[in-house]
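Working notes, beginning with the structure itself.
Every number for a ligand or one of its atoms is a count from 1 in the order of the listing. The structure displayed is predicted, hence computed values, not measured ones.
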Amino acid sequence: MKYVLVTGGVVSGLGKGVTASSIGVVLKACGLRVTSIKIDPYLNTDAGTMSPFEHGEVFVLDDGGEVDLDLGNYERFLDIKLTCDNNITTGKIYQSVINKERRGDYLGKTVQVVPHITDAIQEWIERVAVIPVDGKEGPADVCVIELGGTIGATIFSRHNNNGILDAGDIESMPFIEALGQFSYRVGPGNFCLVHVSLVPVLSVVGEQKTKPTQHSVRGLRGLGLTPNILACRSTKVLNENVKEKLSQFCHVPASNIITLNDVTNIWHIPLLLRKAHDAILKVLNLQGVAREPDLDEWTNRAKLCDSLHDPVRIAMVGKYTGLSDSYLSVWKALLHASVACRKKLVVDWVPSTDLEDTTAKEAPDAYKAAWNLLKGADGILVPGGFGDRGVQGKILAAKYAREKNVPYLGICLGMQIAVIEFARSVMNLQDANSTEFDPDTRTPCVVFMPEGSKTHMGATMRLGSRRTYFEVTDCKAAKLYGNVSYVDERHRHRYESQVNPDMVAKFESAGLAFVGKDETGKRMEIIELPAHPYFVGVQFHPEFKSRPGKPSALFLGLIASSCGQLDALLQNPSQPNKHIPAKISSNGVFSPKVYPNGHQNGHAYKPVKSLVNGNYYANGNGVHV
Ligand code: GLN
């Protein structure tokens, strides 16, 4: 097993995760099998208890692991399926060491950070690195390890002896020590350290400054880690003399210094890192084994994405707080589907509370703006969520989509509220509700349905991959999935639409179809309104399994229907990109086909304001891709 460790220096938010995933892509393109591990030095055992509005989305794995969103990047970029153990946190490591101590495994010794914690970290890495994640048997060739946090910044402050260490820096220390030992243990030829750093440009003179990177690398060395490759974030390509200077002061050959300059979309990053493949293969002694990277698919996709101008507008109705990472996988899944439909994705974030009547009185401008966005959308998506804040707004969005024949995809909570809305408006069951929002409701149509104990509140979430069987074959969802009899998708919820068997017939005759159920037939997994152009609700989260080249079926359905391509797609659902007779010319430029009958709502394309400050991978319009 060979290891590539990716560390970050100078400042956080350099896109270390995307860089590490992209290194994986390049190595995979060289014919190597790649797995990955993300180290998060925080104390939480997993990301399940962390607020997505502070930390970004909680990504869910097949095995039910609730992990850092970076694992989503790895899965999407490398088309692999990771396990919860591929995300290491301080909490997990300490828990394992304390469990061992309680079992008496340390034979009376004093248990300490060094060597017990540091040994546990190394053992964990070696154990997890060999788990196959690409559907093939046997261990991968290379494991990419991303260390969360910024190393250089720690040293920068320590170096200045000003005593400023933040919590994250302190938490990283055992991992840095363990990884230093690990690099020595696995030996040269098996370990490659890529340090992602920042080369800022002083805007007045436009000079690329190397000092922060120099400090960061010095700090790294001081901790026993020697970088083999520097990946430098900068607005423009690094000048040769800047590379020479960095090489001289950081003791890294100029040929091993790669610029990660600003690009128009995220799929260009593996193309930038292509330049590093020789250096990485050399350090890892893999030159004879690997081939030249074949990145044609990534090149075409990156160019295609740049060439898309015709917008598809999706209103995302949620608890929007400004951190777009809170719904990262949903956003990516929308993007994958839009690119397949040759449309430029424009996501309008609609805070669901702003759609509610109380906002009309208290903040009429916000109310008007929210309704304008909703009404201007080609399609509406209500993502998952917890708690009752903004639920009424989501119900109103579902009602609007249903009544106005606007394409709708409801995910988890988005499906539950669609069922409630239908029961209330169409079946006249005014007090229909979820017991999550009203435990005493007389018409509970969404109820607490844990898989285990109903009385024990801990660990009652239904998590991970579960099977949904299609009850009906003649429905859009089944067709979009390619007429299969069942699908495996990832879940993360406690409540579930449970329709009283006596009521199923009433719901169905009122026009709501339960087209997918679990193996017991008691849990409603997919709903559809057959008479609507596209109104689909799912209890699971299809966004977690969407891939750039393999968009999720139901997202594709939403986008296709939002831009008038659903009929064409349903005729050829197994070939998502083929439903539009698109042509990519030899220079990779896409020539779009004009659809005379395509649904066009006449919106002029307005760039979306950048949502994450300092995201270097935003494109010229500020739309994150
Ligand atoms: N709050 C709902 C539940 O627990 C929905 C969860 C979700 O949307 N992920 O079932």
Side-chain angles (χ1 to χ4, degrees), residues 46-53 55-62 64-67 69 72 316-321 325-331 333-334 352-353 380-395 397-398 408-421 423 432-439 441 444-454 456-466 468 489-499 514 516-518 522-527 536-546 552 554-555 558:
D46 62 36
T49 54
M50 295 165 88
S51 163
F53 302 107
H55 194 78
E57 114 189 322
V58 177
F59 191 80
V60 181
L61 300 170
D62 260 3
E66 297 173 279
V67 294
L69 55 79
M316 185 117 105
V317 183
K319 268 193 210 174
Y320 168 56
T321 59
D325 276 3
S326 326
Y327 299 110
L328 190 69
S329 294
V330 175
W331 189 6
L334 284 170
S352 55
T353 42
I380 295 173
L381 189 148
V382 177
F386 292 84
D388 60 1
R389 203 173 73 88
V391 161
Q392 186 51 28
K394 292 177 190 176
I395 290 180
Y408 177 88
L409 178 61
I411 296 173
C412 206
L413 183 65
M415 158 175 165
Q416 298 173 0
I417 59 100
V419 171
I420 297 169
E421 192 281 315
N433 214 338
S434 164
T435 53
E436 183 180 12
F437 315 130
D438 179 5
T441 174
C445 52
V446 178
V447 295
F448 182 48
M449 256 180 112
E451 280 176 333
S453 162
K454 282 207 178 198
H456 184 259
M457 278 305 282
T460 49
M461 195 94 90
R462 189 162 176 249
L463 277 170
S465 184
R466 297 285 184 282
T468 295
E489 292 279 14
R490 297 179 183 173
H491 292 66
R492 182 173 187 251
H493 59 100
R494 290 196 177 85
Y495 295 81
E496 186 120 13
S497 303
Q498 191 202 33
V499 181
F514 302 99
K517 295 182 187 166
D518 78 337
K522 290 199 180 107
R523 296 170 184 273
M524 306 299 133
E525 295 285 337
I526 311 177
I527 58 157
V536 176
V538 282
Q539 192 56 75
F540 46 78
H541 291 266
E543 68 272 25
F544 293 134
K545 283 172 75 173
S546 184
S552 163
L554 300 178
F555 279 85
L558 175 74

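Looking at atom 7 (C) of ligand 1, its nearest protein heavy atom turns out to be Cys412 SG, 3.0 Å. Protein heavy atom nearest atom 5 (C) of ligand 1, with residue, atom name and distance: Gly385 O, 3.2 Å. What sits closest to atom 4 (O) of ligand 1 on the protein, heavy atoms only, is Arg494 N, 2.9 Å. If you check which protein heavy atom lies closest to atom 9 (N) of ligand 1, you get Arg492 O, 2.8 Å. Given atom 10 (O) of ligand 1, the protein heavy atom at minimum distance is Tyr495 N, 2.7 Å.
When all heavy atoms are compared, the tightest approach of Ile411 to His541 is CG2-ND1, 3.5 Å.
With a heavy-atom cut-off of 4.0 Å, Glu436 touches ligand 1 through its side chain alone. The part of Gln416 lying near ligand 1 is the side chain, judged by heavy-atom distances below 4.0 Å.
Classification of the Phe544-Phe59 ring pair by plane angle, with boundaries at 30° and 60°, yields perpendicular.
Judged by distance alone, with hydrogens and angles left aside, the side-chain atoms of Ser352 form a donor-acceptor pair with the main-chain N or O of Gly390 at under 3.5 Å. Formation of a donor-acceptor pair under 3.5 Å by the Gln416 side chain with backbone atoms of Tyr495 is found in this model.
Salt-bridge formation is detected for the pair Arg490/Asp62: a Lys NZ or Arg NE/NH1/NH2 atom is positioned less than 4.0 Å from an Asp or Glu carboxylate oxygen. Under the 4.0 Å criterion applied to side-chain N and carboxylate O atoms, Arg462 and Glu496 are assigned as salt-bridge partners. Between Glu436 and Arg494, none of the side-chain N atoms (NZ, or NE/NH1/NH2) sits under 4.0 Å from a carboxylate O, so this pair counts as no salt bridge.
Checking only distances, Ile411 never comes within under 3.5 Å of ligand 1, N or O to N or O.
Close contacts between ligand 1 and His541 involve ligand atoms 9 (N) [criterion: under 4.0 Å to a heavy atom].
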